[in-house]
Amino acid sequence: QVRLVESGGDLVQAGGSLRLTCAAAGSRSSIFRMAWYRQAPGKQRELVASITNVGMTNYGESVKGRFTISRDNGKNLVYLQMNDLKVGDTAVYYCHGWNSVVDASWGQGTQVTVSS
């Protein structure tokens with residue numbers, strides 16, 4: 001069972017940058033797929049970015065070119081570098097880890113608020 005803890009959420013002005021960190025514990029090796037999702041009030045949770053253990057990445061259309069996901073497998077850390085933040089990026093950001101259908105988990109989330 002993998003335990004995930006997010007950190008780095010904050011209040012930031014539009015156009016600014018923020019870096020989120022997800023720390024994973026309980027895995028013997030690199031988690032197959034790590035991802036960041038977000039959920040704004042009244043909206044469905046959506047994929048922000050994902051990265052596999054071999055570095056394959058995928059991004060949501062609304063963040064392409066602005067956000068970058070990366071990971072440090074040795075330290076079991078996953079990052080989300082968010083640049084050129086927009087008000088629409090305001091949401092709770094959740095880390096997700098997936099090894100298999102019986103080994104997947106969510107973090108508790110970290111709030112990102114972007115002001116105009």
Side-chain angles (χ1 to χ4, degrees):
Q1 297 181 19
V2 178
R3 184 175 68 89
L4 306 174
V5 180
E6 306 96 333
S7 63
D10 207 347
L11 171 66
V12 63
Q13 194 167 359
S17 298
L18 204 59
R19 190 191 198 192
L20 305 183
T21 299
C22 175
S27 179
R28 285 177 48 82
S29 59
S30 298
I31 299 170
F32 178 70
R33 176 185 182 271
M34 299 294 299
W36 288 96
Y37 290 78
R38 68 186 183 187
Q39 187 166 25
K43 297 183 65 178
Q44 185 176 336
R45 187 172 298 188
E46 64 176 346
L47 174 70
V48 177
S50 65
I51 185 168
T52 70
N53 60 339
V54 294
M56 183 181 298
T57 59
N58 183 248
Y59 294 92
E61 291 296 326
S62 64
V63 306
K64 285 183 178 179
R66 298 188 298 120
F67 292 9
T68 303
I69 188 170
S70 61
R71 65 189 297 171
D72 185 331
N73 292 330
K75 297 181 179 180
N76 287 321
L77 296 174
V78 181
Y79 307 99
L80 182 68
Q81 179 65 47
M82 304 184 292
N83 297 325
D84 191 24
L85 282 162
K86 305 179 183 299
V87 173
D89 295 321
T90 296
V92 176
Y93 284 69
Y94 297 91
C95 184
H96 182 264
W98 192 95
N99 275 320
S100 70
V101 295
V102 295
D103 186 11
S105 59
W106 291 95
Q108 292 186 336
T110 184
Q111 177 70 49
V112 173
T113 302
V114 184
S115 62
S116 61

Asks: Give me each pair satisfying side chain to side chain donor-acceptor pair (under 3.5 Å) with a member in residues 5-23, each pair once, sequence neighbours excluded.
Replies: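 Side chain to side chain donor-acceptor pair (under 3.5 Å) check on residues 5-23 returns Ser17-Asn83.
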
Asks: For Gly97 versus Met34, what's the shortest heavy-atom pair and its separation?
Replies: CA-SD, 3.7 Å

Asks: Compare every heavy atom of Lys64 with every heavy atom of Tyr59, then report the nearest pair and how far apart it is.
Replies: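 It is O-CE, 3.4 Å.
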
Asks: State, with a plain yes or no, whether a side-chain heavy atom of Asp103 is found less than 4.5 Å away from one of Phe32.
Replies: no

Asks: If you measure from CZ on Arg3 to CG on Asn76, what distance do you get to the nearest 0.5 Å?
Replies: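 The CG atom of Asn76 is 11.5 Å from CZ of Arg3, to the nearest 0.5 Å.
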
Asks: Nearest 0.5 Å, please: how far is CD1 in Ile51 from CD1 in Ile31?
Replies: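 Those atoms lie 12.0 Å apart.
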
Asks: Once you round to the nearest 0.5 Å, how far does CG of Leu4 lie from CD of Gln108?
Replies: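 Here the interatomic distance stands at 10.5 Å.
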
Asks: Among all residues two or more places apart in sequence or in another chain, which pass the side chain to side chain contact (heavy atoms under 4.5 Å, CB included) test with Ala91?
Replies: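 With neighbours one apart ignored, the set is Arg38, Ala40, Tyr93.
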
Asks: Once rounded to the nearest 0.5 Å, what's the spacing between atom OH of Tyr37 and atom CD of Glu46?
Replies: 10.5 Å

Asks: Using 0.5 Å steps for rounding, measure from the CG atom of Asn53 to the CH2 atom of Trp98.
Replies: 10.5 Å

Asks: State plainly whether one hydrophobic cluster holds both Tyr94 and Val78, where clusters connect Ile, Leu, Val, Met, Phe, Trp and Tyr through side-chain heavy atoms under 4.5 angstrom apart.
Replies: no

Asks: Are any non-hydrogen side-chain atoms of Val112 and Met82 less than 4.5 angstrom apart?
Replies: yes

Asks: Pick from Thr110, Val48, Thr68: which one makes a side chain to side chain contact (heavy atoms under 4.5 Å, CB included) with Leu80?
Replies: Val48

Asks: Does a side-chain heavy-atom distance below 4.5 Å link His96 with Arg33?
Replies: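 The answer is yes; the side chains approach within 4.5 Å.
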
Asks: When you group the ILVMFWY residues by side-chain heavy-atom contacts below 4.5 Å and let the links chain together, are Ile69 and Leu18 in the same group?
Replies: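 They do share one cluster, since a chain of ILVMFWY contacts under 4.5 Å joins Leu18 to Ile69.
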
Asks: Does one hydrophobic cluster hold both Val114 and Val92, with members joined at side-chain heavy-atom distances below 4.5 Å?
Replies: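 Result: no, two separate clusters.
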
Asks: List the atom of Ala14, the atom of Ser116, and the distance in Å for their closest heavy-atom pair.
Replies: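 Smallest interatomic distance, heavy atoms only, reads CB-CA, 4.4 Å.
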
Asks: Arg71 side chain to Thr52 main-chain N or O, any donor-acceptor pair under 3.5 Å?
Replies: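 Yes.
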
Asks: How far does CZ of Phe67 sit from OG of Ser62, to the nearest 0.5 angstrom?
Replies: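 Phe67 CZ to Ser62 OG: 7.5 Å, rounded to 0.5 Å.
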
Asks: Do you know which two heavy atoms are closest between Thr90 and Gln111, and how far apart they sit?
Replies: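 So the minimum-distance heavy-atom pair works out to CG2-NE2, 4.0 Å.
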
Asks: Is Ser50 close to Trp36 at the side-chain level, that is, under 4.5 Å between some pair of heavy atoms?
Replies: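 No. Closest side-chain heavy atoms not under 4.5 Å.
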
